[in-house]
Enquirer: 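Below: one structure in structure tokens.
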Amino acid sequence: MPINKIVDSFDEAVADVFDGATIMVGGFGTVVSIPSCLLEAIDRKGVKNLTTVSNASGFGADIWKLQGAPFPEDMDILIRNNKVKKAIVSAPISALYVNNFEKLWRDGKIEREMVPQGTLAERIRAAKAGIGGFYVRTGVGTVVEEGKEKKIIDGKEYILELPIKADFAIIHAHKGDRFGNLVYRGTSRTFNPVMAGAAKVTIAEVDEIVEASELDPETIVTPGVYVQRVVQRPRPASDKGEIKDSQAKESLAKFGEDIKRATDKQRRA
Amino acid sequence: MPINKIVDSFDEAVADVFDGATIMVGGFGTVVSIPSCLLEAIDRKGVKNLTTVSNASGFGADIWKLQGAPFPEDMDILIRNNKVKKAIVSAPISALYVNNFEKLWRDGKIEREMVPQGTLAERIRAAKAGIGGFYVRTGVGTVVEEGKEKKIIDGKEYILELPIKADFAIIHAHKGDRFGNLVYRGTSRTFNPVMAGAAKVTIAEVDEIVEASELDPETIVTPGVYVQRVVQRPRPASDKGEIKDSQAKESLAKFGEDIKRATDKQRRA
Amino acid sequence: MREELIKKEKLDRQVMALRVAREFQDGEMVNLGQGIPTLCSNFVPSGREVIFQSENGVMGYGEITLPGEGDLDLVNASGQTVHPAPGMCLFDNCESFVMIRGGHLDITVMGAYQVSEKGDLCNYMVPARQVGTIGGAMDLAFGAKKVIIVMNHITKEGDYRIKKKPEYEITAPHCVSLLVTDIAVIEVTDKGMVLKEYAPGWTPAEVQELTEPTLIIAPDCCEMTLA
Amino acid sequence: MREELIKKEKLDRQVMALRVAREFQDGEMVNLGQGIPTLCSNFVPSGREVIFQSENGVMGYGEITLPGEGDLDLVNASGQTVHPAPGMCLFDNCESFVMIRGGHLDITVMGAYQVSEKGDLCNYMVPARQVGTIGGAMDLAFGAKKVIIVMNHITKEGDYRIKKKPEYEITAPHCVSLLVTDIAVIEVTDKGMVLKEYAPGWTPAEVQELTEPTLIIAPDCCEMTLA
């Protein structure tokens, strides 16, 4: 029987996500590289006490809606709806804006393990690669070293960092096929490729599902072995094409202003 | 001034290789993924007491000439010419054939540090990635654990493995540009991408140097940041094109027989 | 009897590979090592889709090409040119062992010099030459969910290769799940080695004669069917 | 005098970015962090080729696009859309930090809340909010060959940001090489902080007034030229 990792709906894709699960969430900061529809589906499912692993804790859908994002949800949807018990995260807050994570954290309603971004990526990779732990210099002499084993290697002090394991990884990619092979677009790889395969189950939300032979073997970024389920966004994105100079698209150059507008809107609400 | 990592000759590319240097050599087994011309240039230069880091120790040019390889030298050129003091290697010998490494090793004329292939790749990556060391299960309860620190993590025994650092990495790629960006072809990536950037100086031998804008940013496998020099093979390969099914090319299906023929030829010589 | 059995006709490499390939279930991801294992990609049971991985950096390749019909930049672990299969992708050795060490592969098929009753694997020290070559074997033996060994049942000299205890340096302890030889299929279990199948023309007693540990005969033990 | 200096006109963000960009030498590989640093890709000195890296996974990008002219799938660390530059390549966050942690970048430019006389960097704990956000800053501070900090010389309230000792939790000890502020360029050396340049309309004494550690005045200390 032909291998087929494609599932028909986001709800089906997250049907086995459970209370207390640890979930890796791909992306970086801007919403385009985030598995927005899977986040919505997990929120809909109503599971709680989640531990999440992500680079950021989200800006909230309002900001991305202002920029016309068709899929505007980021990590904030799980945080504002109190689904998250603990966030393992590199950049939980915004310099420009008090997000819901910060509000909950100040109120003592969410736990936080803050991890330097490179160490976060490497700890995720360690889980994927069968590495039991590794030593880095990042954080020596700072709060990051607290409670961790240290070791002198070649005359320099290193910190022992351990793998981050998870039950689920939800990621976003540009195109995927029935084998789970994935390609990304531009700077939207972010944490998605490294999370693929780092959890027991990896679920990929893609702009477009393509035929098995369509992806060039030389250009596949995530081999299908790391992916258990592929699900397509409801409105197949029109082909975004290659990134070209001066393409006429909505810009994020006014990022700060947009955030200010959204904040103002919230205040009025 | 435009960045330009292109050098004109193989001799120029290896001009600063010195006696006693540690050199990583890309490739796996078959000659197509090996930096043959750089190996020849290092041999010509006459440096000695080298420590080499490679997956295999070579079959020798005779075998590859029989298969019509235009660039037939592999690790064997440095070994048979007694340039190597110590080989850090995963698969030093052949099951089919007694190679020059094996002869020298039996005679006590070459040192060997044998490393499981995956651990070898990961130790090389550790040097590239600023990882001070890492723990793996591979080799627990075998000779590989001898003399190494062990640690129980999550109830399982792991071995501490350390980075392999080198002065030079010589690698082979399909195409490269003036920034040092590289793409490979088919199964010929092997150890080349992971070695790029793992040594103080990385030198890439490419089939073809292309214009900076020719490589698609989405498909570059080795970012130029990891490469210091790029040198083109003397006869630019005709465009090999994409790998297609049933392409009429010389085959390695008769691999064992070819080795036998080469061995016979050596015996006669 | 033993001398006759040593000379008695056994399965050839192709047939052994064919028998191994029957183990591959739909959708499984299978690493094939150097030697007989790489032949397995020629014998996927019809109607099944199996994904082959090779340590040198490919996942999703197909049959070995006919001589003269391959591309030298698409080879398996034995250096044989292969056909691409649907969904193929390419990567480097480091990523290849992320898959292997990380436990992402269902099966690895390797050759061996010796396998012990407890499933200890000896396949890196070439016994006749007393020189080792670890390659990817150790990572594969530690990392794959299931290790299948395909090898001749005895040495050319007629000595046991299936031993009570390993004689050579081991590649990994207690890792072998299934042994396919030129006369038998044997499962390694906590209770001991279980004979599941014997080659056409052979009997369980004859297989036992060439096997050092005492074999448990499976209730459903039968002659291998190879059609 | 101090009160006047707090209110005195200083360089704006664009000019600070311009001044930082002058540090970039031909062929250098430069990471630009969130905030003012990402503006630097707009100000590469003419005739130089500099390669910009962003932690989110791109190397070889160019200027920030005009509003409405970018592609949302090509952004810098601040989330601003950028133009591709020749030789651009894309990768994921893990590879990005192989570059950063592995010491492959020549320069990283970051913002900061405080920098100490010894070059201790404080830029992850947002002081007003007492909540931290490490992001890529810590790996960058440990990994880059040279750390350039661009920040306002004093706080909005007029307090020192260049301190004898750090007040906040540090991002990394002894890592800052160069400070570019809205009134000065200061080098961090083993002997102390060396004032290299002061903004047009400012004097070394005025810069010292807003700086807690005693500044060493460089022999060639001069007014910043920004043309």
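Letters A, B, ... mirror the listed sequences (proteins, then strands); counts begin at 1. Values below: every heavy atom of this structure, side chains too, minus hydrogens, waters and symmetry copies.
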Enquirer: What option among A/R189, A/K151, A/R125 has the most heavy-atom pairs under 4.5 Å with chain B?
Expert: A/R125

Enquirer: Out of B/G130, B/G118, B/G132, B/P217, which one racks up the most heavy-atom pairs below 4.5 Å with chain A?
Expert: B/G132

Enquirer: For B/I220, is it the side chain, the backbone, both, or neither that has a heavy atom closer than 4.5 Å to a heavy atom of chain A?
Expert: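 Neither; nothing under 4.5 Å.
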
Enquirer: Should we say atom NZ of A/K200 is surrounded by more than 12 heavy atoms from elsewhere, each under 6.0 Å from it?
Expert: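 Count not over threshold, so no.
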
Enquirer: Looking at B/V136, B/I131, B/T219, which has the largest count of heavy-atom pairs under 4.5 Å with chain A?
Expert: B/I131

Enquirer: For each of B/R137, B/E161, B/E149, B/K156, tally heavy-atom pairs with chain A at distances under 4.5 Å, and name the one with the top tally.
Expert: B/E149

Enquirer: Which one of A/L162, A/I153, A/V221 has the most heavy-atom pairs closer than 4.5 Å to chain B?
Expert: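 Option with the greatest count: A/I153.
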
Enquirer: Would you say the side chain of A/E218 lies within less than 4.5 Å of the side chain of B/D216, judging by non-hydrogen atoms?
Expert: no

